[in-house]
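Single-structure report; data block below.
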Amino acid sequence: NFTDTISQNSTCTLYLNGSAYGTNATVQNSTNTMMYPNATITNGNKTWQVNCTDLGSNLGASSTRALTVDTIAPAVSINTPASGANLSTVTHVFNATVTDATIGIQTVRFSITNGTGTVNLTASNDGTSWNASLALSTLSEGAHTMTVLANDTLGNLNNTVTRTFNVDYSNPVVSIITANNSNFSTTTPTISFNFTNAFATANCSVYADGSLSATNSSTLNATSTSIILGTLAQGSHSYYVNCTDGSSNIGTSATNNLTV
């Protein structure tokens with residue numbers, strides 16, 4: 001508003017950063033008046049004031065004030081987990097870098113799919129990034145998608161950045177198919193086994209008498225697999241199979257015996 005001892009009306013102009021952004025020629029004395037910019041204001045920090053000229057061409061200027069325009073949502077970059085990562089540790093720290101060039105960050109949340117529902121985590125800022133920890137036992141095994149929900153202090157929301165990962169905290173179940181106490185007429189016997197797990201393949205090794213004897217790094221899940229052992233001396237031997245899945249979970253079969 002403006003006050004004037006004589007003029008009942010004045011012409012008032014809004015200035016932003018020193019440039020005129022609209023004029024009202026019928027502002028009434030001692031009356032609160034709304035003025036709106038007549039052009040789009042770019043994002044960033046601004047100064048503004050109002051100048052009023054009365055009927056006698058006398059000019060009055062308000063004090064200068066500051067304002068901030070921010071229509072852009074925060075920028076988000078997910079640091080962990082990596083895309084397609086296989087998570088198996090007891091607790092995982094989800095981490096994202098969130099920045100806002102104008103006004104600052106208000107809240108960051110991580111929303112993680114979990115079956116038909118979601119798990120929502122409120123992240124905290126460690127000075128360089130935003131973090132939240134979660135016990136993986138909270139999530140079902142299989143594929144999950146994390147969405148970052150980042151709000152600035154003016155309510156601009158970025159919910160477009162996602163990351164897919166897998167949870168697997170179960171060891172492969174390894175079974176030897178070859179009958180226990182089998183007899184072989186060769187010093188390089190072939191034995192059969194399989195494993196079952198959430199992963200399509202596993203790295204499986206056979207240990208004979210406690211020493212590594214043979215390895216298949218791409219053993220197929222739920223598939224009978226044959227493998228030739230390293231040379232064995234004649235006599236009785238014990239052996240078992242270890243399989244390591246893509247999350248580094250290890251499963252070990254029962255121990256069988258064979259005779260060469």
Side-chain angles (χ1 to χ4, degrees), residues 1-81 83 92-113 118-134 145-163:
N1 67 25
F2 80 92
T3 58
D4 191 279
T5 58
I6 297 176
S7 294
Q8 292 304 304
N9 297 299
S10 287
T11 299
C12 298
T13 301
L14 171 66
Y15 287 88
L16 287 168
N17 285 358
S19 298
Y21 268 78
T23 297
N24 185 336
T26 59
V27 178
Q28 295 183 349
N29 191 356
S30 300
T31 302
N32 291 339
T33 303
M34 301 290 292
M35 293 190 69
Y36 299 94
N38 60 6
T40 300
I41 304 174
T42 58
N43 283 275
N45 298 317
K46 315 290 181 183
T47 59
W48 67 280
Q49 69 177 132
V50 176
N51 288 357
C52 292
T53 303
D54 65 15
L55 298 179
S57 298
N58 300 301
L59 175 67
S62 71
S63 60
T64 299
R65 294 190 176 185
L67 62 82
T68 299
V69 177
D70 181 15
T71 61
I72 301 174
V76 175
S77 175
I78 297 175
N79 301 317
T80 61
S83 180
H92 184 77
V93 178
F94 296 87
N95 178 280
T97 299
V98 182
T99 57
D100 190 272
T102 305
I103 198 69
I105 307 301
Q106 183 177 52
T107 59
V108 175
R109 292 182 295 121
F110 301 142
S111 180
I112 303 170
T113 59
T118 57
V119 174
N120 295 301
L121 307 175
T122 299
S124 59
N125 188 358
D126 64 8
T128 58
S129 59
W130 293 79
N131 306 278
S133 298
L134 179 67
T145 299
M146 178 182 77
T147 302
V148 179
L149 308 173
N151 273 293
D152 65 18
T153 53
L154 291 180
N156 297 307
L157 171 66
N158 185 342
N159 61 353
T160 64
V161 180
T162 63
R163 177 64 50 85

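Not measured: the values here are computed from a predicted model.
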**Report entry** Sidechain-backbone polar pair: Gln49 side chain, Tyr15 backbone, donor-acceptor under 3.5 Å
**Finding:** no
Query raised in the report: Does the side chain of Cys12 come within less than 4.5 Å of Thr33's, by heavy atoms?
Result: no
Query raised in the report: Do the side chains of Arg65 and Thr47 get nearer than 4.5 Å, heavy atoms only?
Result: no
Report task. To the nearest 0.5 Å, tell me how far Asn51 CG sits from Thr11 OG1. Result -> 12.0 Å
Query raised in the report: Are the side chain of Asn131 and the backbone of Ser133 linked by a donor-acceptor contact shorter than 3.5 Å?
Result: no
Query raised in the report: Is any side-chain heavy atom of Ile105 less than 4.5 Å from a side-chain heavy atom of Trp130?
Result: yes
Report task. Look only at the side chain of Thr113 and the backbone of Thr145, and say whether a donor-acceptor pair between them is shorter than 3.5 Å. Result -> yes
Requested in this report: Assess whether atom CD1 of Ile6 is packed by more than 12 heavy atoms of other residues, nucleotides or ligands within 6.0 Å.
Outcome: no
Report summary line: Value for OG1 (Thr162) from CD1 (Ile112), rounded to nearest 0.5 Å, stands at 12.5 Å
Query - From CA spacing to verdict: side-chain contact (heavy atoms from CB on, under 4.5 Å), Thr107, Thr122 - result: CA-CA 8 Å; Thr107 59; Thr122 299; over 6 Å; no
Query raised in the report: CG of Leu157 to CD of Gln106: how many Å apart, nearest 0.5 Å?
Result: 11.0 Å
Report task. Report yes or no: does Asn156 contribute a side-chain atom to a donor-acceptor pair with the main-chain N or O of Asp70 at less than 3.5 Å? Result -> yes
Report summary line: In terms of heavy-atom contacts, Val98 and Ala150 come closest through CG1-CB, 3.7 Å
Query raised in the report: Which atoms form the tightest heavy-atom contact between Gln28 and Asn9, and what is the distance?
Result: CG-OD1, 3.6 Å
**Report entry** Beyond-backbone contact of Phe2 with Asn29, side-chain heavy atoms, under 4.5 angstrom
**Finding:** yes
Query raised in the report: Any idea which heavy atoms bring Met35 and Asn24 closest together, and the distance?
Result: CE-N, 3.8 Å
Report task. Would you mind telling me which of Thr102, Asn43, Thr42 makes a side chain to side chain donor-acceptor pair (under 3.5 Å) with Thr71? Result -> Asn43
Query raised in the report: Side chains of Asn79 and Thr97: does their closest heavy-atom pair fall under 4.5 Å?
Result: yes
Query raised in the report: How far apart are the closest heavy atoms of Ala73 and Asp100, and which atoms are they?
Result: C-OD2, 4.1 Å
Query raised in the report: Do Asn1 and Thr31 have side-chain heavy atoms sitting under 4.5 Å apart?
Result: no
Query raised in the report: When you measure from the side chain of Arg163 to the backbone N and O of Pro81, does any donor-acceptor pair fall under 3.5 Å?
Result: yes
Report task. Taking the side chain as every heavy atom from C-beta outward, state whether Leu134 and Phe110 have any pair of such atoms under 4.5 Å apart. Result -> no
Query raised in the report: Any side-chain heavy atom of Leu14 sitting closer than 4.5 Å to one from Asn38?
Result: no
**Report entry** Reported CG-to-CD1 distance for the pair Asn17 and Ile41, which is rounded to 0.5 angstrom
**Finding:** 9.5 Å
Query - Check: Thr128/Asp126 side-chain N/O donor and acceptor closer than 3.5 Å - result: yes
Query raised in the report: Going from CD on Gln8 to CG on Leu55, what distance comes out if it is rounded to the nearest 0.5 angstrom?
Result: 9.0 Å
Report summary line: Smallest heavy-atom separation, Cys52 atom then Val50 atom, equals SG-CG1, 4.0 Å
Report summary line: Heavy atoms of Pro74 and Asn151 approach each other most closely as CG-C, 4.0 Å
Query raised in the report: At what distance, to the nearest 0.5 angstrom, does OG of Ser10 lie from CG of Asp54?
Result: 5.0 Å
Query raised in the report: How far apart are the C-alpha atoms of His92 and Thr80, what are their side-chain angles, what is the distance that settles it, and do they pass the side-chain contact (heavy atoms from CB on, under 4.5 Å) test?
Result: CA-CA 9 Å; His92 184 77; Thr80 61; 4.2 Å; yes
